[in-house]
Structure formats: C-alpha cells, structure tokens
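One structure is given here, and the rest of the page talks about it.
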Amino acid sequence: MRAHTLLLTTAVTSYFSCIIQAQELSSFSNELLETLSSFSSSDPIISSLNTTLQDSSGAIDEISNQHHDKRSLQSTSSSQLACQLLHIILPDSYTDSRTNQSAYDTLREKNWSKNCDLPAACFLTPEHPVQVAVALQVISKLHSKFAVRSAGHNPNPGFSSVGQDGVTIDTQRFRTLELSEDKTTATIGAGLRFGAVQEFLDSKGVAVVSGRNLNPGVSGLILGGGHPIINSLTGLAADNIKSMEVYILEA
C-alpha cells in the first residue's frame, strides 16, 4: 500500500506542476500589464502601451514561450526573440538593420570609440520610464544580453554597446533640462551630454560639477564618478547628486 500511495502522490504532484508551468508560460502579457498598473493610467504613452499589450497579447505570449523550447532556440537566439517582442510592444522606439538600415547605422556609429562600435541585434530608444521598465522585463524574460548607453563615450567594449547577442537601450530621448526657482538644483535627463547642460546653465549664471569634456553623456560620466578640473574643491560629479530616478528589475 505504501508503494501505491507514493506513486499516486508523485503522479498528482507532477500533474499539478505541469498545470502551474503552463499558466506561467502563457501569462507574460499579463505580467507586462501589471507593470503598467504601477504608473499613472492618465498618461497617453501608458494608455497607448496598454492598448498595444492587450491587442498583441497572443503574439507576445507565443514569442515569450519560445525561450522554454530548446528546439526553437536552435534557430532563434534569445536576443532575436527579445527584439521580436520589443518590435511588437515598442515599435516607435525600435530599430534594427531590417526595419531601417539607415537609422540602425546611425545608432551603431554613435559611440565615441570604435572599440564600442558593436552591432546590436536591435536598438531601443525609449522616451518614458515605463518603456524602460517594460524593455527590461522583456530582456530578462528572454535571457538576452543588453547594454545601456547615454552618449557612448566609454571606450571599453560592452560598457555602452553589445553585439548581435544583445539589445542596446539608448537614452538619447530623455532630455529633461530644468533649473529650480532658487537655482540650487538642476534636473537633467539621462540622454543629455554635459556640453548642452552647461550651455543651458551658463545662460542662468550657474554651473554643475561635471567632467573635463563637453561630449560625455550625463549618465555614463556620473556612473564613472565624474572627475572635474578641481575635484578637491568640488568633489566628483557623483558626489553632487541630490536624487536619481532609477528603474531596476526585481528578481
């Protein structure tokens, strides 16, 4: 009797495991919609993205499930699957060599150093934080490599670029540039270069701690510390940050 009970328990456990797995495989579009629910529904970009996710839920779930199928991955890499999903979900922010070769070449050649001139499987140029959150969720789901680029000034391969096995997220459309009324705080978009930032602030009679070159992007320079001309007097650029808006993907 014990043996029969053990076999029955194993069979039932396996059955329920299969049901749970099937539910998980078919719900990625719902996971994305849940991510949108944490943002303001009155925002037109979020409203449009919500509609896209609902209208394309079948295709999204079908593609996202392929990464569980080893036979499918033999001919389609994780980065290609991620690009397929991003093209469906964020078409206005998406570029690859097939959809627009000219735009793809422009994005590929943006990097300051040729060491970082790596041909990504696709480029994404989001303009809203929710698009970044959704993109990271897609990339994580498909286990694709990725790189995030501000101005592409770092010469180390892989820092602001990725090859055909990944997605490059370019922040160039995040261009907020504002100065507080008391002129003590500047709000700066991640896609700006410090040359444009300082030109704006010069007109206001103020400055921020930045680097020694006009071309580096705001995000990359700050992540590297940001060494000004007299850092013993002002500290690094990173030392002068009051707050940051950061999006991470929870495990």
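Index from 1, following the sequence. Note: hydrogens, waters and symmetry copies are ignored here, and every other heavy atom, side chains too, is used.
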Would you mind reporting whether [Y] and [X] have side-chain heavy atoms less than 4.5 Å apart?
| X | Y | result |
| --- | --- | --- |
| Asn240 | Val208 | no |
| Val162 | Val167 | no |
| His87 | Cys122 | no |
| Leu124 | Thr168 | no |
| Gln131 | Ile45 | yes |

Exam field: side chain [X] to backbone [Y], donor-acceptor pair closer than 3.5 Å:
| X | Y | value |
| --- | --- | --- |
| Asn50 | Ser47 | no |
| Arg193 | Asn215 | yes |
| Lys183 | Lys204 | yes |

#### Entry: Full working for side chain to side chain donor-acceptor pair (under 3.5 Å) between Ser40 and Asp43
CA-CA 6 Å; Ser40 172; Asp43 191 310; over 6 Å; no

Scanning both residues in full, the closest heavy-atom pair of Ile222 with Ala237 reads CG1-CB, 4.4 Å

For Ala135 and Leu86 the tightest heavy-atom approach is CA-CD2, 3.9 Å

Return the [atom1] to [atom2] distance between [X] and [Y], rounded to the nearest 0.5 Å.
| X | Y | atom1 | atom2 | answer |
| --- | --- | --- | --- | --- |
| Ser160 | Ile169 | OG | CD1 | 13.0 Å |
| Leu107 | Gln172 | CG | CD | 6.0 Å |
| Leu32 | Gln137 | CG | CD | 4.5 Å |
| Ser210 | His227 | OG | NE2 | 12.5 Å |
| Cys83 | Ile88 | SG | CD1 | 11.5 Å |
| Arg175 | Ile188 | CZ | CD1 | 12.0 Å |

Verify the distance criterion only: is there a donor paired with an acceptor across the side chains of [X] and [Y] at less than 3.5 Å?
| X | Y | result |
| --- | --- | --- |
| Ser77 | Asp165 | no |
| Glu34 | Asn30 | no |
| Ser29 | Asp61 | yes |

Pair Val209, Leu236 - check side chain to side chain contact (heavy atoms under 4.5 Å, CB included), show working.
CA-CA 7 Å; Val209 179; Leu236 303 181; over 6 Å; no

Leu214-Val197 co-clustered via ILVMFWY side chain contacts under 4.5 Å:
no

Intermediate values then yes/no, side chain to side chain contact (heavy atoms under 4.5 Å, CB included), Thr234 and Ile230:
CA-CA 7 Å; Thr234 61; Ile230 311 177; 5.6 Å; no

Checking Phe146, Tyr94, Tyr104 against Phe123 for ring-ring contact (aromatic ring centres under 6.0 Å, His included), the one that qualifies is Tyr104

